[in-house]
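Chain letters run A, B, ... following the sequence lines, proteins first, then strands; residues in each count from 1. Computed from a predicted model, the values in this text were never measured in an experiment.
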Amino acid sequence: MIKNLCQKMFGRSLWVYHANSGGCNGCDIEVLNVLTPYYDVERFGIKLVGSPRHADVMLCQGPAMRSTAAALRRAYEAMPAPKLVFAIGSCACGGGIWHDSYPVLGPVEKVVPVNYYIPGCPPRPEAIIYGVAVALGLVDKRVVPVEVRQLPLIIPRYHPDDLRGRDELVVYEKADSL
Amino acid sequence: MSILSKVKEAVICLRAGRVTLPYPAQPRPTPPNFRGRPIFDASRCIGCAGCANNCPAREILVVDLCQEVRVLQYLGRRCTYCGRCADVCPEKAITMSRDFETATDHVADLGQRLELFMSTCQRCGRCFTPPSALDQLKLKGYRFDDVAHERWVFHSTAYGRDEPVVEDVEIELD
Ligand code: SF4
Ligand code: SF4
Ligand code: SF4
């Protein structure tokens, strides 16, 4: 549904606003890299704008922090609807390696609703382009949850209580059933 | 002067030709040392939880459902792709793949869940303690990590929440 909405509402041009709420700058550099002629996302109509009031998409980098959560929320509310939020980097997706430190509230989805997740620390520029292409419906997503179960290998239990002395040997009474 | 510099700029641009990568339309190979997301191999894993104890993002959660079943939950969402889990795994059950195309709209898609069968000691009926290589991984007995809140529970408890496991490993700070 989001994909349909995305294609219908956003047409061919997404204006993005780049919000760093406390990341280490690694992801910011990769996002700027995506805008260079080498990766050139302007061919998808993507343009970086300086104000959330002009933007369709917010690119979040860094975890939600105590000090920036309110500002992030205000920036989100300032964007005109319909709006999309991309969480870029492990910090924005899940809190990153800082997730349990005291100023970090956790992933940005605790503060703003996130539509697309692009994990990586930082994600490759190609990974960011891939995320944008998934959002635009140009490619299909490739990850699925994996759940594997090992086969149980039943080993009967050995009880030391069942050891019996017989002549000079000590034998296990239930050896046949082992 | 300025016209000359513009002409020079145009010549440079024309000589460079087209530099933009045709990325989503054509695949782009990764450099040889690239690390993507880790892939867990359930047929090799022995459930020692060394990866969980050494993950800097604490994102591999271990839950002992019962004596014989241990669940290893890789969340994927805060993985930094550092490769430490693959380094530390004594059975080489984790491989760092070259897979970077992991963007998704459901964060649960990134998870991997292994349900491991733990062999028990024939004598005492408990999981046996594996030999030295695993001792170095600071094996911590029974683990009940908080999967609902995606958090690691630091002190393992065998019987109650406040009671430490007998012979729990003391991590020395000095
Ligand atoms: S995901 Fe990694 S690179 Fe990006 S802001 Fe967080 S720590 Fe920095
Ligand atoms: S690659 Fe690093 S962050 Fe990711 S699960 Fe392994 S140890 Fe944890
Ligand atoms: S370190 Fe390897 S063998 Fe041990 S629990 Fe992790 S994946 Fe399994």
Report the option among A/G120, A/P145, A/A87, A/C121 that has the most heavy-atom pairs separated by less than 4.5 Å from atoms of chain B. A/P145
Let's test your reading of the structure: which of A/G131, A/G96, A/A133 forms the most heavy-atom pairs below 4.5 Å with chain B? A/G96
So does A/Y39 get a backbone contact from the side chain of B/T20, meaning a donor-acceptor N/O pair under 3.5 Å? no
Checking A/Q150 side chain against B/A42 main chain: does a donor-acceptor pair fall under 3.5 Å? yes
Minimum-distance pair of heavy atoms, taken over all atoms of B/A103 and A/V143: O-CG2, 4.2 Å
In terms of heavy-atom proximity below 4.5 Å to chain A, should [X] be classed as side chain, backbone, both, or neither?
{"X": "B/F40", "result": "neither"}
{"X": "B/L110", "result": "side chain"}
{"X": "B/F100", "result": "both"}

Do the side chains of A/P119 and B/Y81 get nearer than 4.5 Å, heavy atoms only? yes
Taking the side chain as C-beta and beyond, is there a heavy-atom pair between B/E115 and A/V148 under 4.5 Å? no
Heavy-atom cut-off 4.5 Å, strictly under: side chain, backbone, both or neither for A/P63 against chain B? neither
Honestly, the part of A/R149 sitting under 4.5 Å from a heavy atom of chain B is both
Looking at B/R77 and A/E109, does any basic side-chain N land under 4.0 Å from a carboxylate oxygen? yes
